Participant: 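Structure provided below as structure tokens; questions to follow.
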Amino acid sequence: MKGIIVLLGLVVALAVGASAVRAGKPVVPAVFVLGDSTLDVGNNNHLPGKDVPRANVPFYGIDFPGGPMPTGRFSNGYNIADFIAKNLGFERSPLAYLVLKSRNYLIPSALTRGVSYASAGAGILDSTNAGNNIPLSKQLIYFASTKSEMEAAWGTHKVSTLLANSFFLLGFGSNDMFQTNPKTPADVAALYAALVSNYSAAITDLYGMGARKFGIINVGPVGCVPGVRVLNATGACNDALNRYAAGFAALVKSALADLAPKLPGFAYSLADSFAATQASFSNPQALGFVSSDSACCGTGRLGAEGGTLCKRNDTLCADRDAYVFWDSVHSTQRAAELGAQGLFDGPAELTTPINFKQLAYKRY
Ligand SMILES: *[C@@H]1O[C@H](CO)[C@@H](O)[C@H](O)[C@H]1NC(C)=O
Ligand SMILES: *[C@@H]1O[C@H](CO)[C@@H](O)[C@H](O)[C@H]1NC(C)=O
Ligand SMILES: *[C@@H]1O[C@H](CO)[C@@H](O)[C@H](O)[C@H]1NC(C)=O
């Protein structure tokens, strides 16, 4: 999987009636986002290094509201973090931490909307795409420093209430699946153990810093992205990679079920990305898609022969809303919108043990 450095967008769910809260009346005080390229809204644009994955050129952002404008989102428009934030009553995802720092606006944003630490290429393990992203461990450090500054401005009591009621959106693991590539059952077991223990430790750390509501997007069928399918002569999904990811997803699910009763007040909703993508892969037409295996922006077979990212030169599909995939790894804006609706308020099999909406409405 060399070359695939960024990650799968949670690809869509079942068609569900949107019951989104209207923008202007957020149901949580703020949203804090930690994750990979599926959630990145511009952090990587502010990271140095030629191998850092960035979505800062056309045709990224071609459908961005008020655009076209590449913003660092790995999408033709909004990504799933934007749509989850919209469902929570915000205009879109909170701004990227490094953008806020550069504009000297971190704390005003943290206190009223939240902050996004998500970074394309990031993994649960520091070793995943090392040096070219903000890994989970560093995202935690940035959050801890944000929290200290918030407390200096507002005092610990008010900040503790704000954080307990805020929505913590997490999405990690896909880059670790691509990068680790274990060969033997013993390697698989060792990697699963390291991944699950590090992820649980990170979630426990956030809890220790005052987070209570965790909306977590689990890994999905990473073997079905166009960039992986193109490696197979028939364009089939990589079943071994999907099994590896499904095994990890199941362990995350049981780790959270074990963790929850040990942490008083801890609440979570875990999104099953395998279930969420099932409908779009098995019957794309029912959701209004003409393609669920090819990149809208790309070249060659499945739009995936010209590298992972969409480039200025690439050919675009005729109808961007009719494609599940925007580039060879990430979902389109339309797929992200449907996916977010499913997690927020969709069929029960998409989220465990409650949905994102029920999580958001908890009060501390
Ligand atoms: C992850 O887990 C391994 C093994 O338990 C550990 O050595 C490493 O420091 C952990 N942390 C990160 C961030 O990779
Ligand atoms: C391509 O996919 C098919 C169907 O899953 C599988 O049988 C075949 O082994 C794959 N080929 C390669 C080279 O992986
Ligand atoms: C655009 O296409 C030309 C010809 O195929 C190629 O040489 C060039 O590197 C491409 N530019 C970019 C930015 O991809």
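Computed from a prediction, not measured in an experiment: that's the story for all the values here. In listed order, ligands and their atoms are each counted from 1.
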Participant: Can you check side-chain hydrogen bond (donor to acceptor under 3.5 Å, both in side chains) on Asp63 and Asn76, steps first, answer last?
Facilitator: CA-CA 5 Å; Asp63 297 313; Asn76 54 311; 2.7 Å; yes
Participant: Quick check: are the SG atoms of Cys317 and Cys297 less than 2.5 Å apart?
Facilitator: no
Participant: Can you list, pair by pair, the side-chain donor-acceptor contacts under 3.5 Å of residues 101-115, counting residues two or more places apart and other chains?
Facilitator:
| unit_1 | atom_1 | unit_2 | atom_2 | d |
| --- | --- | --- | --- | --- |
| Ser102 | OG | Val99 | O | 2.8 |
| Ser109 | OG | Gly114 | O | 2.8 |
| Thr112 | OG1 | Pro108 | O | 2.8 |

Participant: In order of chain and number, which residues sit within 4.0 Å of ligand 2 by heavy atom?
Facilitator: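 These residues qualify: Asn232, Thr234, Ala236, Asp239.
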Participant: Decide side-chain hydrogen bond (donor to acceptor under 3.5 Å, both in side chains) for Thr180 and Tyr244; before the verdict, give the C-alpha distance in whole Å, the side-chain angles of both, and the deciding distance to 0.1 Å.
Facilitator: CA-CA 10 Å; Thr180 48; Tyr244 179 44; 2.7 Å; yes
Participant: Let me know which of Asn175, Asn133, Asp176 forms a side chain to side chain donor-acceptor pair (under 3.5 Å) with Thr128.
Facilitator: Asp176
Participant: Quick one: is the NZ or CZ of Arg73 closer than 6.0 Å to the six-membered ring centre of Tyr60, and within 45° of its axis?
Facilitator: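 That pair does not qualify as a cation-pi contact.
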